[in-house]
Number of protein chains: 2
Amino acid sequence: MSLAHVLLTSLLEKPSTGFELARRFDHSMGYFWQASHQQIYRELKQMLKKDWISITPDITSTRSKTYQVEQLGRIALTEWLSQHSAPAQVRDDLMVRLRAEAQLGGNQLLQELEQHLNIHRQTLNIYQQIFAKDFTRAAPKQRTLFIHRMILELGIQMEQTWIDWLENLIPQLKSFSLENNVTKPEFF
Amino acid sequence: MSLAHVLLTSLLEKPSTGFELARRFDHSMGYFWQASHQQIYRELKQMLKKDWISITPDITSTRSKTYQVEQLGRIALTEWLSQHSAPAQVRDDLMVRLRAEAQLGGNQLLQELEQHLNIHRQTLNIYQQIFAKDFTRAAPKQRTLFIHRMILELGIQMEQTWIDWLENLIPQLKSFSLENNVTKPEFF
DNA sequence: GTGAACATGTAAACAGTTACATGATTCT
DNA sequence: AGAATCATGTAACTGTTTACATGTTCAC
């Protein structure tokens, strides 16, 4: 379980409310981690109980609570850093579908593939805009900034890999169905 | 939940025992889906109850059960194919660690990054061997084979993207720690 | 006959998703 | 005054992982 550590990192970058944290998963943190608000609130409560974080004594007494990292939280994060982990596992629905379709035939997935291509193009676009906004000025001298840029670049590269692959696959699948190889799914 | 559909696809490719299915997740299916044997047995039991699959009347009366897909299973899989899905979500531990380290400082992750680089090189190697073994002879005319090749190629490309990125990142992080920018994690 | 690989399973713990519910603040 | 957004939470469910447990087959 590392959602706690994602939240610690995010709070270390900037003390925030649960809501702000949830929103941040759509941006910077979102390249490589997602979490719903329910997960976040549950986790924040548990971290509060462990004294990893605390609520800032906020003058603007609204209902929102701003959390900040405490010493114990820093220690926990540092300990977690020293652990080893295997590369993330991939679980890709689309690939399973494609392989199922390879068995069943028809050309049932063209639309789906094209939609995925569109989504990847949009995501790439968003990432590139963030890149242009935050990291354009030459090579960053600040280590933190440099690492953030590298993470974004990996996200960009991954999207590009998907786009290239789909742009190669789609026309080839189309030409397959033009030949008389059209196999219809039949089980009746 | 699509483990059932992954299993259906796999069984459609070749009727198998639970154990064989589990093993296949280390190979072909494993590029984009993983499952433990516990998940697989549980799922097989449920699919059997729904009559999506059946046990082949096996002469070699061992303890092992070979499963095959039934009509209802084919129908279920075809229905699932027609559904839409969003691109798979990424959840990458290493990226979180890196971002945490960007906050805490030290150069605590070099070893970990190098190990990941190694693993990705090994995985790439395995994929390339499978490629050489199964897909070397020109362009496959058979649609099924073509799709399998494309899926493997995506896996290869993804590994290559990781390797390139890590080979770029690691030396740059090293040169950061050679400058007097070395920041130690301090919380005492 | 012993150890490795084959083969199946139960139970508990943990993580993640979905549905539901509420109320405050800000903008028009 | 009404809508959109901010903000937090509970409960139930589904999916995944880990620990434990057991027995078979095959090769040496």
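Small disclaimer: the values here were computed from a predicted structure and weren't measured. Each chain gets a letter, A, B and so on, in the order the sequences are listed, and its residues count up from 1.
When the ring-ring contact (aromatic ring centres under 6.0 Å, His included) test is applied to F25(A), no partner is found at least two apart in sequence or on another chain.
Taking side-chain N and O atoms only, Q39(A) has no distance below 4.0 Å to OP1 or OP2 of dA15(C).
Taking atom CD of Q89(B) as the reference point, atom P of dT16(D) lies 13 Å away to the nearest angstrom. R91(B) has its CZ atom 9 Å from the C1' atom of dA15(C), to the nearest Å. Regarding I40(B), its CD1 atom lies at a distance of 14 Å from the C1' atom of dG15(D), rounded to whole Å. Between the CG atom of L44(B) and the P atom of dA7(C) there is a distance of 14 Å, rounded to whole Å. As a whole-Å value, the separation of L7(A) CG from dT8(D) P is 13 Å. Distance, R24(B) CZ to dC6(C) C1': 16 Å, rounded to whole Å. dA15(C) atom C1' lies 14 Å from atom CD of Q34(A), rounded to whole Å.
When each of L154(A), I156(A), L152(A) is checked for a side-chain contact (heavy atoms from CB on, under 4.5 Å) with Y31(A), only L152(A) meets the rule.
Distance alone, capped at 3.5 Å, places no donor-acceptor pair between the S10(A) side chain and the V6(A) backbone.
Using a 4.0 Å cut-off between charged side-chain N and carboxylate O, R121(A) and E159(A) make no salt bridge. Contact check on R149(B) versus E153(B) returns a salt bridge, with a Lys/Arg side-chain nitrogen under 4.0 Å from an Asp/Glu carboxylate oxygen.
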Hey, mind stepping through D164(A) and Q160(A) against side chain to side chain donor-acceptor pair (under 3.5 Å) and telling me if it holds? CA-CA 6 Å; D164(A) 292 345; Q160(A) 191 62 64; 3.2 Å; yes
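Looking at the side chain of R23(B), the nearest of the listed nucleotides dC6(C), dG16(C), dT16(D) is dC6(C).
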I'd like a table of atom pairs between the protein and nucleotides 8-12 of chain C - only N or O on both sides, under 3.5 Å - with the distance next to each one.
| residue | atom | partner | partner atom | Å |
| --- | --- | --- | --- | --- |
| dT8(C) | OP1 | K65(B) | N | 3.1 |
| dT8(C) | OP2 | G18(B) | N | 3.2 |
| dT8(C) | OP2 | F19(B) | N | 2.7 |
| dT8(C) | OP2 | Y41(B) | OH | 2.7 |
| dT8(C) | O5' | Y41(B) | OH | 3.3 |
| dT8(C) | O4 | H37(B) | NE2 | 3.3 |
| dG9(C) | OP1 | K65(B) | NZ | 2.6 |
| dG9(C) | O6 | H37(B) | NE2 | 3.2 |
| dT10(C) | OP2 | K45(B) | NZ | 2.9 |

